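Take a look at the structure set out below.
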Amino acid sequence: QVQLVESGGGLVQAGDSLRLSCITSPRPFSTYAMGWFRQAPGKEREFVAAISRGGGHTDYVDSVKGRFTVSRDNMKSTVYLQMNSLKSEDTAVYYCAAVRSLEIVTTPERYDYWGQGTQVTVSS
């Protein structure tokens, strides 16, 4: 059974940093493209970042470019989201997702597996 478990969320102040982790069970992990999404109260789920199977290609929503970095460790079956210079508008539940794909995937409908989410709250 495929499982994804996020961790690392919390309550921080604007300007602070957090690193989210997502430990996965898909095997082999290196065949899965990974993504991070977020959902704020009353809003639709939004693409945040994605990374290719080997980690060589990444993509970000414009609002986080230059502040967030997605990475992965295929030996540890883990994907990370380093979030710097956090803003109040980054407050949301953050989800990681996995899909067996050769390419980066940015649309949530294409992902097959999802974690339970981790709350990130940024106070201004």
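Everything numeric in this text was worked out from a predicted model, so none of it was measured.
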What are the two closest non-hydrogen atoms of [X] and [Y], and how far apart are they?
{"X": "Gly115", "Y": "Glu6", "result": "CA-OE2, 3.2 Å"}
{"X": "Val48", "Y": "Val64", "result": "O-CG2, 3.8 Å"}
{"X": "Tyr111", "Y": "Ala33", "result": "CE2-O, 4.0 Å"}
{"X": "Phe29", "Y": "Thr78", "result": "CE2-N, 3.7 Å"}
{"X": "Pro108", "Y": "Trp114", "result": "O-CZ2, 3.5 Å"}
{"X": "Phe47", "Y": "Asp59", "result": "CZ-O, 3.6 Å"}

Are Arg100 and Pro28 close enough that some pair of their side-chain heavy atoms sits under 4.5 Å apart? yes
What residue pairs, at least two apart or across chains, pass disulfide bond (SG atoms under 2.5 Å apart) with a residue in residues 66-106? Cys22-Cys96
Got a sec, which pairs hit disulfide bond (SG atoms under 2.5 Å apart) with one end in residues 36-87, sequence neighbours left out? none
Can you get from [X] to [Y] by hopping between Ile, Leu, Val, Met, Phe, Trp and Tyr side chains that sit under 4.5 Å apart?
{"X": "Val2", "Y": "Val99", "answer": "yes"}
{"X": "Tyr60", "Y": "Met34", "answer": "yes"}
{"X": "Tyr95", "Y": "Ile104", "answer": "no"}
{"X": "Ile23", "Y": "Trp36", "answer": "no"}
{"X": "Val93", "Y": "Tyr113", "answer": "yes"}

Arg110: which residues meet the side-chain contact (heavy atoms from CB on, under 4.5 Å) condition with it, sequence neighbours left out? Ser101, Val105, Thr107
When the ring planes of Phe68 and Tyr94 are compared, do they come out parallel, tilted or perpendicular, using 30° and 60° as the limits? tilted
Heavy atoms from other residues, nucleotides or ligands near CD of Glu103 exceed 12 (cutoff 6.0 Å): no
Applied to residues 40-52, the side-chain hydrogen bond (donor to acceptor under 3.5 Å, both in side chains) test, sequence neighbours excluded, yields Arg38-Glu46
Output every pair passing side-chain hydrogen bond (donor to acceptor under 3.5 Å, both in side chains) with a member in residues 7-25, not counting sequence neighbours, ordered by first then second residue. Ser17-Asn84
Strictly distance-based, threshold 3.5 Å: is any side-chain N or O of Gln116 a donor or acceptor partner for the main-chain N or O of Val5? no
Donor-acceptor contact present, side-chain Arg72 to main-chain Gly55, <3.5 Å: no
Does Asp90 pair with Lys87 as a salt bridge, N-O distance under 4.0 Å? no
Could you give the distance from [atom1] ([X]) to [atom2] ([Y]), rounded to the nearest 0.5 Å?
{"X": "Leu18", "Y": "Thr118", "atom1": "CG", "atom2": "OG1", "value": "8.5 Å"}
{"X": "Gln3", "Y": "Ser77", "atom1": "CD", "atom2": "OG", "value": "13.0 Å"}
{"X": "Asp73", "Y": "Tyr80", "atom1": "CG", "atom2": "OH", "value": "5.0 Å"}

With sequence neighbours left out, write down each residue that passes side-chain hydrogen bond (donor to acceptor under 3.5 Å, both in side chains) with Gln119, or none if nothing qualifies. Thr121
